[in-house]
Amino acid sequence: MPPVLAAMENAGIRIDPDQLHRLSHDFSMRMAEFEAEAQKLVGRPFNLGSPKQIGDILFGEMSLPGAKKTASGAWGTDASMLEELAAQGHALPRILLDWRQLSKLKGTYTDNLIQAVAPRTGRVHTSYALASTTTGRLSSNDPNLQNIPVRTEEGRKIRKAFVAEAGNVLISADYSQIELRLLAHIGDIPQLKQAFKEGLDIHAMTASEMFGVPVEGMPSDVRRRAKAINFGIIYGISAFGLANQLSIPREEAGAYINTYFERFPGIREYMDKTKALVREQGYVSTIFGRRVNIPDIRGLTPAHRQFAERAAINAPIQGAAADIIRRAMIRMPVALKDAGLSARMLLQVHDELVFEAPAAEAEAVCVLASRVMKHAAEPAVALTVPLEVEARAAANWDEAH
DNA sequence: TCGGCAAGCCAC
DNA sequence: AAACGTGGCTTGCCGA
């Protein structure tokens with residue numbers, strides 16, 4: 001490698017290979033048990049990794065109800081389908097779901113991350129693409145470190161294997177609900193802006209506003225629905241998509257959306273304005289001036305046009321968040337140096353930055369990184385909502401997150 | 001043996 | 001019907 005490139009090589013992050021080896025073995029053993037169980041139920045060997053064989057077994061041989069076809073005409077066997085069948089009391093779908101989870105974790109993460117350790121540094125060095133997304137986000141590849149599991153307990157075992165060197169800590173600093181905050185700013189939504197200023201639970205506030213349920217003692221399912229709606233809004237919501245996400249009838253999802261627009265009329269205005277704008281000029285812009293091209297929207301079929309419209313609604317929000325964290329990243333090395341800190345910035349995960357620092361610097365890095373991130377929009381843009389950052393230090397990524 | 005597509009699933 | 005946005009990566013499968 002030429003010296004200039006060697007000097008620019010990214011710091012990489014340490015993983016504990018022993019931990020991942022143990023995990024890989026554990027996953028293998030448990031997958032073998034699920035496989036034996038599944039084959040006993042079916043009465044013969046089959047490939048649990050083959051959606052085609054699974055579809056034939058579930059809907060051909062066993063004639064289970066609710067079969068759906070994929071775009072190419074094959075039986076669909078994705079997780080939501082298997083969950084439905086499992087809820088009806090069928091044993092095989094649950095085993096397949098459990099097997100798939102472990103297969104995913106082992107195949108995509110555990111085994112691959114061990115392979116990805118660079119012998120020269122003993123660390124994993126991802127590559128970031130700076131111009132590969134339409135919205136301005138970075139993307140990460142070889143290996144992708146922007147999709148390390150976090151949702152399930154099994155998945156978090158992988159995240160725990162991302163560790164600091166002895167004497168160091170990992171520090172994770174992430175923006176709290178940055179996209180909803182940007183929606184509140186861009187759409188100029190008074191209730192949302194006020195809620196963020198007061199530091200309220202935004203999903204509970206949404207639920208309360210929509211369903212008239214007090215925030216105190218709110219049932220978790222009510223909040224969960226409001227949260228799904230808030231995410232849906234950012235994605236350019238459709239009744240079909242929300243219905244699918246919440247496993248509810250489309251009519252009910254449509255009613256939720258109508259109620260939402262009644263309570264937050266500024267959001268509908270933002271969406272209508274954005275659609276008109278993209279039709280007119282063939283692009284939309286973030287508040288920092290980044291353009292996202294969405295050309296020829298007029299020539300598309302209705303389905304394609306609606307897809308493009310949702311992308312146009314999402315792009316200024318997702319793109320502004322990308323702009324802000326980029327600004328923070330640019331300022332971070334200088335800010336650390338000026339503060340006399342030897343911390344290094346290791347990873348970016350869209351709304352999160354991960355650092356490694358001597359344990360003695362932990363608190364100072366949390367404070368400094370939070371400050372730089374919170375003010376990263378300035379002075380280019382004066383946001384009318386505060387940005388909040390949560391920062392924590394720990395020996396591994398899971399506990400820092 | 002290779003490349004590409006389909007299906008599926010991980011993250012934000 | 002590209003049936004809620006942005007990505008990367010795996011296995012199975014098929015044809016060159």
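Order of the sequence lines fixes the chain letters, A, B, ..., with proteins taken first and strands second; residue numbering starts at 1 for each chain.
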Between A:S139 and C:dG8, is there a contact of a side-chain N or O with OP1 or OP2 at under 4.0 Å? yes
Give me the distance, rounded to whole Å, that separates C:dC4 from B:dG4 when you measure between the C1' atoms they each carry. 28 Å
For atom P, what is the distance between B:dC9 and C:dA1, given to the nearest Å? 24 Å
Counting only side-chain nitrogens and oxygens, does A:R151 get under 4.0 Å of the OP1 or OP2 atom of B:dC10? yes
When all nucleic acid strands are considered with a 4.0 Å heavy-atom cut-off, which category describes A:S140: base, sugar-phosphate, or nothing? sugar-phosphate
So if I take every side-chain heavy atom of A:F307 and compare against C:dT6, C:dC13, B:dA11, which nucleotide ends up nearest? C:dT6
Closest nucleotide among C:dC4, B:dC12, B:dG8 to the A:R100 side chain: B:dG8
Can you check whether A:N47 has a side-chain N or O nearer than 4.0 Å to OP1 or OP2 of C:dG12? yes
Against the side chain of A:D78, the closest entry in B:dC9, C:dC13, B:dC12 is B:dC9
Describe the nucleic acid contact of A:G236 in one word from base, sugar-phosphate, nothing, applying a heavy-atom distance below 4.0 Å. nothing
Report the distance from atom CZ of A:R159 to atom CG of A:N396, rounding to the nearest 0.5 Å. 10.0 Å
If you find the nucleotide of DNA chain C closest to A:A71 and the one closest to A:N314, which residue's nucleotide is nearer the 5' end? A:A71
Assign A:T134 to base, sugar-phosphate, or nothing according to its heavy-atom contacts below 4.0 angstrom with the strands shown. sugar-phosphate
Among the candidates C:dC9, C:dC13, C:dC4, find the nucleotide nearest to the side-chain atoms of A:K104. C:dC9
In whole Å, I'd like the distance from the CG atom of A:L246 to the P atom of C:dC4. 12 Å
Has A:Y235 got its ring stacked on C:dG5, by the test of a centre gap below 5.5 Å and a plane angle below 30°? yes
Rounded to the Å, how far apart are A:L145 CG and C:dC9 C1'? 13 Å
Distance check needed: C:dT10 C1' versus A:I158 CD1, whole Å only. 13 Å
What is the distance from CG of A:L182 to C1' of B:dC12, rounded to the nearest Å? 14 Å
Within the 4.0 Å heavy-atom criterion, would you say A:N147 contacts the bases, only the backbone, or no part of the nucleic acid? base
Need one value for A:I234: base, sugar-phosphate or nothing, where a base atom within 4.0 Å counts as base even if backbone is also close, heavy atoms only. nothing
In whole angstroms, the gap separating C1' of C:dA3 from CD1 of A:I237 amounts to 13 Å
A:L138 CG to B:dA11 C1': how many Å, rounded? 14 Å
Winner on side-chain proximity to A:N141, out of C:dC9, B:dC12, B:dA7, is C:dC9
Look at the side-chain N and O atoms of A:R137 and state whether any lies under 4.0 Å from the OP1 or OP2 oxygen of B:dC12. no
Measure up the A:Y256 and A:F211 rings against each other and bin them: parallel (under 30°), tilted (30 to 60°), perpendicular (over 60°). perpendicular
With heavy atoms under 4.0 Å as the rule, sort A:A79 into base, sugar-phosphate or nothing. sugar-phosphate
Return the CD1 to CG distance between A:I287 and A:D323, rounded to the nearest 0.5 Å. 7.5 Å
Using a heavy-atom cut-off of 4.0 Å across all strands, would you classify A:G155 as base, sugar-phosphate, or nothing? nothing
For B:dC5, take OP1 and OP2 only and decide whether either is under 4.0 Å from a side-chain N or O of A:S72. no
May I ask you to check whether A:F34 and A:F27 place their ring centres under 6.0 Å from each other? no
Tell me the interatomic distance from A:K157, atom NZ, to B:dC10, atom C1', rounded to whole angstroms. 17 Å
Does either side chain, that of A:Q306 or that of A:S238, offer a donor lying less than 3.5 Å from an acceptor on the other one? no
Distance only, no hydrogens: is a donor on one side chain within 3.5 Å (strictly under) of an acceptor on the other, for A:E352 and A:S172? yes
Do A:E33 and A:R30 pass the salt bridge (Lys or Arg N to Asp or Glu O under 4.0 Å) test, and can you show the C-alpha distance, the side-chain angles, and the key distance before you say yes or no? CA-CA 5 Å; A:E33 287 169 23; A:R30 291 158 63 199; over 6 Å; no
Hey, does the side chain of A:T70 come within less than 4.0 Å of B:dA7's phosphate (OP1/OP2), counting only N and O? yes
Which part of the nucleic acid, if any, lies within contact of A:T108, taking any heavy atom under 4.0 Å across all strands shown: a base, the sugar-phosphate backbone alone, or nothing? sugar-phosphate
Please give, in whole Å, the distance from B:dA11 P to A:Y175 OH? 22 Å
Candidates C:dG12, B:dC10, C:dC9 - which lies nearest the side chain of A:N144: C:dC9
